[in-house]
2 protein chains.
Amino acid sequence: MTSEAVETAQHYWYDDDAQRQRSIAVLEAMRTYRAAEAAMQRRTQVAMGMGETDLLALRYLLRMHRAEHSVGPKELAAYLGISSASTTVLLDRLEKTGHLSRQPSPFDRRALIIVPTPASEEAVRRTLDGMHERMIAIASDLSPDDAQTIVSFLGGMRDAVDAIDKHDAGDGHDAIVTHDAGHGHGHDSGDGRRGAGRDA
Amino acid sequence: MTSEAVETAQHYWYDDDAQRQRSIAVLEAMRTYRAAEAAMQRRTQVAMGMGETDLLALRYLLRMHRAEHSVGPKELAAYLGISSASTTVLLDRLEKTGHLSRQPSPFDRRALIIVPTPASEEAVRRTLDGMHERMIAIASDLSPDDAQTIVSFLGGMRDAVDAIDKHDAGDGHDAIVTHDAGHGHGHDSGDGRRGAGRDA
DNA sequence: TATTGATCGCTAGAACATCTAGCTACATGA
DNA sequence: TCATGTAGCTAGATGTTCTAGCGATCAATA
């Protein structure tokens with residue numbers, strides 16, 4: 001939707017208006033992609049009968065498993081940005097539905113190794129690999145220059161997003177303090193969810 | 001992180017390995033951007049003391065308010081993809097914290113109009129506008145060709161993500177069903193939740 | 001070897017957002 | 001006027017997360 005704006009700008013590349021049209025088209029493309037990705041993620045969650053965290057956890061486990069890297073509850077909790085307790089329950093869930101198994105660590109008798117089951121591997125692969133292949137295909141078709149352009153662009157966007165207001169950004173939890181005033185009492189505050197899940 | 005791979009490929013643009021390096025760099029850049037964006041969203045939620053749905057609702061309300069479009073609970077529920085009951089509670093929350101007010105509809109005495117408060121407008125603007133400006137600046141600095149490249153690329157990626165396995169993709173909640181087999185049955189498709197959240 | 005402090009994963013109990021079901025008040029059309 | 005539909009709310013249940021604290025185990029040291 002509305003991504004042809006760029007074409008109409010051919011004769012005005014020096015013109016502010018055309019430039020504006022182009023940036024709108026670019027940002028719109030980003031929004032559209034984001035929306036598509038969010039919808040995909042939701043579809044996948046429904047299809048596999050699990051929530052966002054569960055799916056994120058499973059994908060991390062599979063990725064690490066493929067890379068021959070053992071993962072324990074502690075590492076998983078850190079990756080997901082959830083507490084140790086929540087991780088225990090998450091593992092219970094995924095173990096009960098047959099997506100993973102807990103195995104004792106050979107090095108540390110307190111610790112566990114979490115191993116995704118082959119069946120889970122298969123399910124995730126069936127669900128996501130087609131998409132992944134298509135994405136790789138698109139990326140592979142780019143010329144070196146275009147690839148460089150896109151990498152730079154995304155890097156810039158990442159910085160823009162990362163740099164969000166270190167200085168004020170509100171005072172934290174609780175109300176907006178129009179007239180209502182008083183009673184701060186921050187009933188819940190905290191939260192600390194999802195630790196910036198980077199992946200590899 | 002790891003986005004220099006493209007440079008090393010100058011002498012091998014015809015080479016499979018270099019091409020592979022480039023696509024890896026591109027996909028890595030996308031992942032990194034996604035992670036940054038997720039982290040930003042979390043920071044914003046914490047800063048404003050609300051969950052994802054609340055923030056999404058507030059942004060929708062503000063956008064529609066700017067566009068002079070009145071929103072009622074029903075429409076908001078449809079946009080967010082949550083039930084009427086959850087919407088009521090959500091409105092209670094946001095009203096109590098001073099982010100919006102409920103006003104009677106002049107046309108239908110059953111209905112409400114939800115109006116975001118100026119204070120809320122201010123808070124969201126302070127939190128997000130800096131980022132938005134930086135993103136616009138980056139998009140504006142692109143050459144017409146680069147802009148076109150990026151729009152095409154993102155469009156392709158969107159299609160790749162949209163096209164995810166209409167045919168099988170598991171059967172829903174509960175267990176893993178190993179071999180399982182097809183039976184498409186697409187229970188929801190059309191989706192519902194989180195109406196492809198575009199924002200402005 | 002025995003002790004001490006840190007670490008690992010688990011349990012208990014509470015907070016919260018969401019859901020479904022059902023309700024009241026109002027609108028609309030015969 | 002009355003029947004049916006719609007908007008938003010309440011009640012009760014479910015599921016996911018949190019904080020606090022526990023037992024088992026490891027690592028370092030006297």
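In what follows, chains are A, B, ... by sequence order, proteins preceding strands, each numbered from 1.
- With B:R134 contributing its side chain and A:A160 its backbone, the two residues share a donor-acceptor pair below 3.5 Å.
- Distance, A:L90 CG to D:dT16 P: 9 Å, rounded to whole Å.
- Rounded to an integer number of Å, the gap from A:M50 CE to D:dT17 P is 12 Å.
- Other members of the hydrophobic cluster containing B:V115, listed by chain and number, are B:I113; membership follows side-chain contacts under 4.5 Å among ILVMFWY residues, whether direct or relayed.
- One can place CD1 of A:I82 at 6 Å from P of D:dT17, the figure rounded to the nearest angstrom.
- Contact check, A:R109 against C:dC8: no side-chain N or O comes under 4.0 Å of OP1 or OP2.
- The side-chain hydrogen bond (donor to acceptor under 3.5 Å, both in side chains) test applied to A:H69 returns A:E75, not counting sequence neighbours.
- Taking only side-chain nitrogens and oxygens, A:R93 never comes nearer than 4.0 Å to OP1 or OP2 of D:dT14.
- In this structure, CD of B:Q45 is placed 14 Å from P of D:dT17, rounded to the nearest angstrom.
- What separates CZ of A:F107 from C1' of D:dA27 is a distance of 17 Å, to the nearest Å.
- Taking the side chain to side chain contact (heavy atoms under 4.5 Å, CB included) definition, one finds that B:S83 meets it with B:A85, B:S86, sequence neighbours left out.
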With 3.5 Å as the limit, what N/O pairs link the protein to nucleotides 7-10 of chain D?
residue : atom : partner : partner atom : Å
D:dA7   : OP2  : B:K74   : NZ           : 2.7
D:dG8   : OP1  : B:L112  : N            : 3.2
D:dG8   : OP2  : B:K74   : N            : 2.9
D:dC9   : OP1  : B:R102  : NH1          : 2.5
D:dC9   : OP2  : B:T88   : OG1          : 2.9
D:dC9   : OP2  : B:R102  : NH1          : 3.3
D:dC9   : N4   : B:S84   : OG           : 3.2

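- Under 4.0 angstrom from either OP1 or OP2 of D:dT16 there lies no side-chain N or O belonging to A:S86.
- For B:D141, there are no side-chain hydrogen bond (donor to acceptor under 3.5 Å, both in side chains) partners at least two apart in sequence or on another chain.
- When the side-chain nitrogen and oxygen atoms of B:T53 are compared with OP1 and OP2 of C:dA17, none of them lie within a distance under 4.0 Å.
- Using a 4.5 Å cut-off between side-chain heavy atoms of Ile, Leu, Val, Met, Phe, Trp and Tyr, A:L112 forms no hydrophobic cluster with any other residue.
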